[in-house]
Amino acid sequence: LTPATDPAIETDAVVIGAGPIGLFQAFQLGLLEVAVHIVDALPAAGGQCVELYPDKPIYDIPGVPVVSGRELAERLLVQIRPFHFQLHLGQQIAALETRPDGRFALQTSRGQRFVARAIFIAAGVGAFQPRTLKVPGIERYAGTQLLHRAPPNAQLAGRHVAVFGDDDTALCEALDLAHAAASERPASVTLVHRRDAFTAAADTVARMRETCAAGRMAFVAAQPVAIEEVDGRVVALQLACADGSDRKLQVDIVLALLGLSPKLGPVADWGLAMARRQVVVDTERFETSVEGIHAVGDINTYPGKRKLIVCGFHEATMAAYAAAARLQPDRPLLQQYTTTSPRLQRLLGVGKD
Ligand SMILES: Cc1cc2nc3c(=O)[nH]c(=O)nc-3n(C[C@H](O)[C@H](O)[C@H](O)COP(=O)(O)OP(=O)(O)OC[C@H]3O[C@@H](n4cnc5c(N)ncnc54)[C@H](O)[C@@H]3O)c2cc1C
C-alpha cells in the first residue's frame, strides 16, 4: 500500500468497481442527488464486459436486442455523464474501515484517501490482475524487465524482446514490434507460447507466421523454466521446448501478455459477512452485514442470486434508494419517473428551464 499523500476526498458515496453494475449504481445515485466517486483497479471502465468479452454480443439487456460488451460499457458511461461523477481508474481500493463518526475511510493502492457516508461494493469477481510467468526469481524484475502491458515501441528500440501469450493481444503486440519503424524496432522479437496453437484469430496467426517466415520475428513453442542473471539484470531465459529440447533465449524485456485473472483481494479483509467468497446481502436494501455498506452485482450473494447484468441493475436501484433514505432522512423519497419528472429531467440535463 502506497503511503497516503493526497488529502482525503469527502463525498456522499464511493462505488468500488466500474463494471456495468458499478456504472449503473452511479446513475441511480445521480438521480437521487447522491454525489459519487467511482474507483476501479483497471485502467478502463467496463469490468468483465470490456476485459473479458469486449467484442462479443450480449442479447439479454432489456430493450437492447444486441450490444457488445464494450458498447454496453460506453453507453453506461454516456448515461451517467450528466451527473459529473468522478472516475478514479488504475487504483484498487485496498483498505476500508468504519470511522468513529460512522463514516467510512477508504484508501487506494496509490494512496488516494476517501471519506464517504455510504459504500457500494460492485467489485464483481474481484480486481483483475495480469497473469504472470511462473519462473523462479522473475518477479523481482516486475516493472523493469518484466512487463504486463506493452510500453510505447520507442522504449523497446534496440532491445531483445520476448512476448509471452497466445491471444490477439500478444500476437498483435509482437507483430506491431516486428513491423515498427526502423528507429523504434527492437533488436529481436520472439513470441513464446507453450505449443504451436493459438487462441488469436486465424488471420492474426497467419500474419504472425508470414512475419516469422520473412525473418522479422521468431516463434518458439516452449515454456520458460529459469532466468539467467548478470549484475542484477536478466540477460536470458532458459526454455524447455515443446519438442523436448532446451534452449537459451537472450532477453532484455519480457512482455507477459497472458491475460487477466480476477483476485477477490482486499474485499475479503473488510470484516463483512461472506459466503463462498461472496458478500452476503439482504434483498431489500442490498446491504452487507455493516450498515451503510451495500454490495451489488457479481460480488454479492443472497437466496436465488443470478449473476446477470439485468439482476445487478435491479440490485443497484434498490441499494441506491436504501442509501438515499439513510443519507437524506429529512427528504421524502418520492417515486418519480424520468419520463415525467421535471426534477429528474433537470438532473439529466434534458429538462426545459
Ligand atoms: C464471457 C462472458 C459473457 C457474459 N455474457 C453475459 C450476458 O450475455 N448477459 C449477462 O447478463 N451477463 C453476462 N456475463 C456476466 C456479466 O459480465 C457479469 O454479470 C457482469 O460483468 C457483472 O458486473 P459487475 O459490475 O458486478 O462486475 P465486473 O464486471 O466483474 O466489474 C467489477 C469491477 O470491479 C473492479 N474491482 C474489483 N475489486 C476492486 C477493488 N478492490 N478496487 C477497485 N476496483 C475493484 C474490477 O477491476 C472490475 O472492473 C458474461 C460474463 C462473461 C465472462
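The basis for the numbers below is simple: all heavy atoms, side chains too, and nothing from hydrogens, waters or symmetry mates. Indexing begins at 1, ligand by ligand and atom by atom, following the structure's order.
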Trainee: What atoms of ligand 1 come within less than 4.0 Å of a heavy atom belonging to Ile58?
Mentor: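 Answer, ordered by atom number: 7 (C), 8 (O), 9 (N).
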Trainee: What atoms of ligand 1 come within less than 4.0 Å of a heavy atom belonging to Leu42?
Mentor: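 Per the distance check, 47 (O), 49 (O).
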Trainee: May I ask you to check if ligand 1 and Ala41 share an N or O to N or O distance below 3.5 Å?
Mentor: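 Yes; the residue has a nitrogen or oxygen that sits under 3.5 Å from a nitrogen or oxygen of the ligand.
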Trainee: Please examine the side chains of Leu255 and His148, heavy atoms only from C-beta on, and report whether any two atoms are closer than 4.5 Å.
Mentor: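 Heavy-atom side-chain distance check fails, nothing below 4.5 Å.
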Trainee: Any nitrogen or oxygen of Ile309, side chain or backbone, less than 3.5 Å from one on ligand 1?
Mentor: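 Checking ligand 1 against Ile309, an N or O pair does fall under 3.5 Å apart.
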Trainee: Is any NZ, NE, NH1 or NH2 atom of the basic residue among Arg233 and Asp252 found under 4.0 Å from an Asp or Glu carboxylate oxygen of the other?
Mentor: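 Looking at Asp252 together with Arg233, the answer is yes, because their closest N to O distance falls below 4.0 Å.
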Trainee: Taking 4.0 Å as the limit for heavy-atom contacts, which would you say applies to Ile16 with ligand 1: side chain only, backbone only, both, or neither?
Mentor: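 Side chain only.
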Trainee: Compute the shortest N/O to N/O distance between Ile93 and ligand 1 and return yes if it is under 3.5 Å, no if not.
Mentor: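 Min N/O separation from ligand 1 is below 3.5 Å for Ile93.
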Trainee: Is it true that Arg117 and Glu10 have a side-chain N and a carboxylate O under 4.0 angstrom from each other?
Mentor: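 Not counted as a salt bridge, because no side-chain N and carboxylate O are separated by less than 4.0 Å.
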Trainee: Do NZ/NE/NH1/NH2 and the carboxylate oxygens of Glu33 and Arg343 come within less than 4.0 Å?
Mentor: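 Salt bridge: yes.
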Trainee: Specify the protein heavy atom at minimum distance from atom 25 (O) of ligand 1: its residue, its atom name, and the distance to 0.1 Å.
Mentor: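 Closest protein heavy atom to atom 25 (O) of ligand 1: Ile21 N, 3.1 Å.
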Trainee: Who's the nearest protein heavy-atom neighbour of atom 35 (C) of ligand 1, and how far?
Mentor: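 That would be Asp40 OD2, 3.3 Å.
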Trainee: Please report which non-hydrogen protein atom sits nearest to atom 34 (O) of ligand 1, along with the residue it belongs to and the distance in Å to one decimal place.
Mentor: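 Ranked first by proximity to atom 34 (O) of ligand 1 is Gly17 CA, 3.3 Å.
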Trainee: With no hydrogens and no angle check, just 3.5 Å: does a side-chain donor-acceptor pair link Gln48 and Asp298?
Mentor: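 Yes - a donor-acceptor pair under 3.5 Å links their side chains.
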Trainee: Run the ring pair (Phe, Tyr, Trp, His ring centres under 6.0 Å) check on Phe286 and His294 step by step: do they pass?
Mentor: CA-CA 6 Å; Phe286 292 90; His294 303 261; 8.9 Å; no
Trainee: Need the ligand 1 atom indices (1-based, order shown) with element for anything under 4.0 Å from a heavy-atom of Ala122.
Mentor: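 What qualifies from ligand 1 is 32 (C), 33 (C), 34 (O).
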Trainee: Got the closest protein heavy atom to atom 26 (O) of ligand 1, with its distance?
Mentor: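 The answer is Asp298 N, 3.0 Å.
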Trainee: Work out whether the distance between some heavy atom of Gly312 and some atom of ligand 1 is less than 4.0 Å.
Mentor: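 So Gly312 does not count as touching ligand 1.
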Trainee: Pick, from Gly47, Pro20, Ala94, the option with the minimum heavy-atom distance to atom 21 (O) of ligand 1.
Mentor: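 When every heavy atom of Gly47, Pro20, Ala94 is considered, Pro20 comes closest to atom 21 (O) of ligand 1.
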Trainee: N/O of Asp60 under 3.5 Å from N/O of ligand 1, yes or no?
Mentor: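 For ligand 1, there is an N or O atom that lies under 3.5 Å from one belonging to Asp60.
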Trainee: If we ignore hydrogens and angles and just use 3.5 Å, is the side chain of Asp40 paired with the main-chain N or O of Ala18 as donor and acceptor?
Mentor: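 Yes.
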Trainee: Going by the order shown, which atoms of ligand 1 are within less than 4.0 Å of some heavy atom of Val125?
Mentor: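 The atoms of ligand 1 under 4.0 Å from a heavy atom of Val125 are 30 (O).
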Trainee: Please could you name the atoms of ligand 1 that Ala123 approaches to less than 4.0 Å, counting only its heavy atoms?
Mentor: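 Close to Ala123: 32 (C), 34 (O), 37 (C), 38 (N).
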Trainee: Let me have the donor-acceptor pairs involving side chains of residues 152-159, under 3.5 Å, with sequence neighbours excluded, atom names and distances please.
Mentor:
| from | atom 1 | to | atom 2 | distance (Å) |
| --- | --- | --- | --- | --- |
| Asn153 | ND2 | Asp176 | OD2 | 3.4 |
| Arg159 | NH1 | Gln155 | O | 3.2 |

Trainee: Tell me, which protein residue and heavy-atom name are nearest atom 27 (O) of ligand 1, and how many Å apart are they?
Mentor: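 Protein heavy atom with the smallest distance to atom 27 (O) of ligand 1: Gly124 CA, 3.1 Å.
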Trainee: Look only at the side chain of Gln250 and the backbone of His160, and say whether a donor-acceptor pair between them is shorter than 3.5 Å.
Mentor: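 No.
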Trainee: Under 4.0 Å from a heavy atom of Val39: give me the atoms of ligand 1 that qualify, with their elements.
Mentor: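 Per the distance check, 43 (C), 44 (N).
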Trainee: Just which atoms of ligand 1 are under 4.0 Å from any heavy atom in Gly297?
Mentor: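 Answer for ligand 1: 26 (O).
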Trainee: Hey, is ligand 1 close enough to Leu308 that some N/O pair sits below 3.5 Å?
Mentor: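 No, there is no polar N/O contact under 3.5 Å.
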Trainee: Can you give the donor-acceptor pairs under 3.5 Å from side chains of residues 23-31 to other protein atoms, not counting sequence neighbours?
Mentor:
| from | atom 1 | to | atom 2 | distance (Å) |
| --- | --- | --- | --- | --- |
| Gln25 | NE2 | Ala316 | O | 3.0 |
| Gln28 | NE2 | Thr317 | OG1 | 3.4 |

Trainee: Using side-chain heavy atoms (C-beta onward) and a distance below 4.5 Å, is Val225 in contact with Leu239?
Mentor: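 Counting from C-beta outward, Val225 and Leu239 never come under 4.5 Å.
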Trainee: If you measure from each non-hydrogen atom of Lys307 to ligand 1, which part falls under 4.0 Å: side chain, backbone, both or neither?
Mentor: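 Within the 4.0 Å criterion, Lys307 contacts ligand 1 through backbone atoms alone.
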Trainee: Got a salt bridge between Arg103 and Asp12, using NZ or NE/NH1/NH2 to carboxylate O under 4.0 Å?
Mentor: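 Looking at Arg103 and Asp12, the cut-off is not met.
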Trainee: Closer than 3.5 angstrom, by distance alone: can the side chain of Glu315 be matched with the main-chain N or O of Gly297 as a donor-acceptor pair?
Mentor: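 Here the side-chain-to-backbone pair exists.
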Trainee: For Gly126, counting its heavy atoms only, list the atoms of ligand 1 lying under 4.0 Å from any of them.
Mentor: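 Once the distances to Gly126 are compared, the set is 37 (C), 38 (N), 46 (C).
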Trainee: Among all the protein's non-hydrogen atoms, which is closest to atom 13 (C) of ligand 1, and how far away is it?
Mentor: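 Going atom by atom, the protein heavy atom closest to atom 13 (C) of ligand 1 ends up being Tyr53 OH, 3.6 Å.
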Trainee: For atom 30 (O) of ligand 1, what's the nearest protein heavy atom and its distance?
Mentor: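 Of every protein heavy atom, Gln48 NE2, 2.8 Å lies nearest to atom 30 (O) of ligand 1.
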Trainee: Are Arg99 and Asp101 within salt-bridge range, i.e. N to O under 4.0 Å?
Mentor: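 A salt bridge links Arg99 with Asp101.
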